[in-house]
Every structure is written in C-alpha cells, then in structure tokens.
Amino acid sequence: MTNPQDSTTTKSRTLKYADGATQFRLRLITSLLSHRPLLLRNIRSDDIDSPGLHEHEASFLRLLDRMTNGTKIEINATGTQLRFKPG
C-alpha cells in the first residue's frame, strides 16, 4: 500500500500558461490555494510601448508576498515572465 504523503505520489506540478496576463489574479490565487508553483510567460510581450507586468499587477504580487510566509516571486528583466512559488 502506498503512503499518500510519499513525495513520489504527491509530486508538485507547476501550473504553466503561455498566454500572458490573462486571468492574472485568478491564476495566482489558484496557485496559492493549491500550493502549486506557477509559471506565466508572454506577459504583454507583443506590446511595444509597455511590455510586461503593469503597476497594479506588481502591486498585487507585493500584497500576496506580504500576506504569505515564504512565497518566492521571480520576474525576468523585461517583466514578460513570472515564476510564483507559494509559501
């Protein structure tokens, strides 16, 4: 009989989305509640004037970071890719 706490049977899988900031807050909250890492790519990568995260999205990330303990957030230099690991 397998143990449900066994790391091989409960291995965490990253939620991956390549369609940018679509449903941004919903995806972050889903990741947080399910304790699964999140990878968002192509966040406004085709927008020449202002690619990447907007200020209100960055503010929401700061709020989640302050409300949780141990959350890791990585944003690339252009802001078009986000890695979120809930704490």
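Only heavy atoms go into these numbers, but all of them, side chains included; no hydrogens, no water, no symmetry mates.
- Within the structure, salt bridge (charged side-chain N to carboxylate O under 4.0 Å, His left out) contacts touching residues 75-87 (residues at least two apart or in different chains) do not occur.
- Annotation: salt bridge (charged side-chain N to carboxylate O under 4.0 Å, His left out) contacts involving residues 39-52, sequence neighbours excluded, comprise Arg44-Glu57.
- Leu26 is not connected to Ile73 by any chain of hydrophobic side-chain contacts under 4.5 Å among Ile, Leu, Val, Met, Phe, Trp and Tyr, and they are in different clusters.
- Rounding to the nearest 0.5 Å gives a distance of 12.5 Å between CG of Leu40 and NZ of Lys16.
- Leu39 and Leu82 sit in two unconnected hydrophobic clusters of ILVMFWY residues. Membership requires side-chain heavy atoms under 4.5 Å apart, directly or through other members.
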Name every donor-acceptor pair, under 3.5 Å, that has one atom in a side chain of residues 59-69 and the other anywhere in the protein, sequence neighbours excluded.
| unit_1 | atom_1 | unit_2 | atom_2 | d |
| --- | --- | --- | --- | --- |
| Arg62 | NH2 | Glu55 | OE2 | 2.9 |
| Thr68 | OG1 | Leu64 | O | 2.7 |
| Thr68 | OG1 | Thr71 | OG1 | 2.4 |

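- Within the structure, every pair that satisfies the salt bridge (charged side-chain N to carboxylate O under 4.0 Å, His left out) test and touches residues 17-26, not counting sequence neighbours, is listed here: Asp19-Arg27.
- Side chain of Asn42 to backbone of Gly20: no donor-acceptor contact under 3.5 angstrom is found.
- With hydrophobic clusters built from ILVMFWY side chains whose heavy atoms lie under 4.5 angstrom apart, Phe84 shares a cluster with Leu15.
- Applying the side chain to side chain donor-acceptor pair (under 3.5 Å) criterion to Ser31, with sequence neighbours excluded, gives no partner residue.
- Pairing each heavy atom of Thr80 with each of Gly52, the nearest pair is CG2-N, 3.8 Å.
- Hydrophobic cluster membership for Ile48: none, as no Ile, Leu, Val, Met, Phe, Trp or Tyr side chain comes under 4.5 Å of it.
- When the side chains of ILVMFWY residues are joined at heavy-atom separations under 4.5 Å, either directly or via intervening members, Phe24 and Ile75 end up in a single hydrophobic cluster.
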